[in-house]
Amino acid sequence: MRNFTFHPGPRLIAGDGQSAAIADLLPAGHCLFVSDQSLVGLGLTDPCRAALADSGHEVILFDRVEADPSFDTLMSAVAAGQEAGVASVVGFGGGSPMDVAKLAAYLLGSGDRVEDIWGVEKATGRKLPLILIPTTAGTGSEATPISVITCEGGVKMAVNARPLTADWTVLDPGLTLGLPRHVTAATGIDAMVHAVEAYTSARLKNPLSDALAREALKLLSANLLIACNEPANVEARSAMLLGAHLAGLAFSNAPVAGVHALAYPLGGIHHLPHGVSNALMLRHVMAHNLEAARELYAELAEIVEPDCAGHGTQARAAVLVDRLDRLVSDSGIAPRLRDHGIPAEDLPMLAREAMRQERLLVNNPCPIGEEDARRLYEAAW
Ligand SMILES: [Zn+2]
């Protein structure tokens with residue numbers, strides 16, 4: 001057997017309405033509940049917070065997490081937890097509230113200074129007990145030990161360390177029924193990119209991450225358009241939520257690569273949603289990788305298009321690229337960079353910025369240099 005390491009994610013509870021069943025999983029005492037104002041306004045957090053209150057937990061609500069959460073937001077959440085002497089943390093929402101909850105739980109539990117733990121595996125202390133409850137089917141943040149915070153000057157800093165892994169995750173599809181179509185589409189495509197990039201990841205992919213990525217792609221590709229077209233379809237929503245979680249487990253072991261590296265500057269500079277940025281670059285980066293990843297793309301093609309099983313490797317690999325591209329356009333995401341207000345004169349600068357994502361580029365099946373990046377942005381424009 002080839003040597004490999006696999007890290008499991010949090011323990012998992014799944015099922016409609018299960019977000020109200022978390023009270024018994026947390027220790028007695030105050031609980032810092034991290035979310036955002038729109039979810040609280042929609043009443044989505046009510047059953048969960050009521051269950052915590054009924055079981056004697058005092059809930060300290062921190063609902064000021066914004067998209068791309070800032071350093072100040074993180075420190076405010078930590079201060080709220082410190083002031084109340086919380087014994088546990090719940091993160092409820094999309095990637096942003098969950099990222100803040102993960103790092104706040106760690107800083108509150110360990111007493112470490114965040115300045116000392118940016119980077120990979122620098123955090124080695126103990127966090128407070130932590131439950132994560134995703135309300136989108138996309139980021140997979142509930143499955144990963146990664147927290148991304150936007151610091152001074154818009155620079156994204158990350159803590160990526162095993163102690164940030166949640167103790168429990170709750171997958172409650174009922175929480176995702178109200179997601180608008182464009183959010184369902186963008187987050188769902190992001191999750192599919194996680195599965196594809198984990199499966200073709202150059203360094204750390206292994207038999208377990210492969211199995212998770214394959215199952216994730218199967219669930220996501222079969223259900224994305226159903227979830228877009230029939231938002232209240234609980235079965236499709238359940239499949240998307242589970243698929244996104246499995247993809248999260250896959251890429252927290254076998255990290256994402258070129259699509260994400262080229263997507264990040266679109267988010268950082270032009271504030272495109274993360275899933276949209278990935279959708280726009282997917283086809284072009286896959287075309288660039290086609291030679292190097294042909295066998296692996298061919299294997300995945302049979303998952304999204306079983307009819308292509310009898311075809312040769314090259315044909316099946318091309319089928320995967322086309323099929324995923326069709327899913328992007330059928331989901332309603334406008335397919336070109338210019339549709340999203342990216343000016344052509346920004347492309348060289350975007351290519352330069354993408355080169356800073358070295359931690360992701362090293363996972364790509366073949367090299368992407370600055371010239372390649374510029375060509376790929378031009379193709380996507
Ligand atoms: Zn992503």
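When a ligand or atom number is given, it counts from 1 through the structure's own listing order. Nothing here was measured: the structure is a model prediction, and the numbers come from that model.
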Arg283/Asp322 salt bridge by N-O under 4.0 Å criterion: yes
Residue pairs passing the salt bridge (charged side-chain N to carboxylate O under 4.0 Å, His left out) test where at least one lies in residues 79-105, sequence neighbours excluded: Asp99-Lys102
Under 2.8 Å from the Zn ion (ligand 1), the protein N, O or S atoms, given as residue and atom: Asp190 OD1, His194 NE2, His260 NE2, His274 NE2
Glu121 CD: over 12 foreign heavy atoms closer than 6.0 Å: yes
Short side-chain to backbone donor-acceptor contact, His57 and Pro27, under 3.5 Å: yes
Results of salt bridge (Lys or Arg N to Asp or Glu O under 4.0 Å) for Asp346 - residues two or more places apart only: none
Sequence-distant partners of Arg2, side chain to side chain donor-acceptor pair (under 3.5 Å), two or more places apart: none
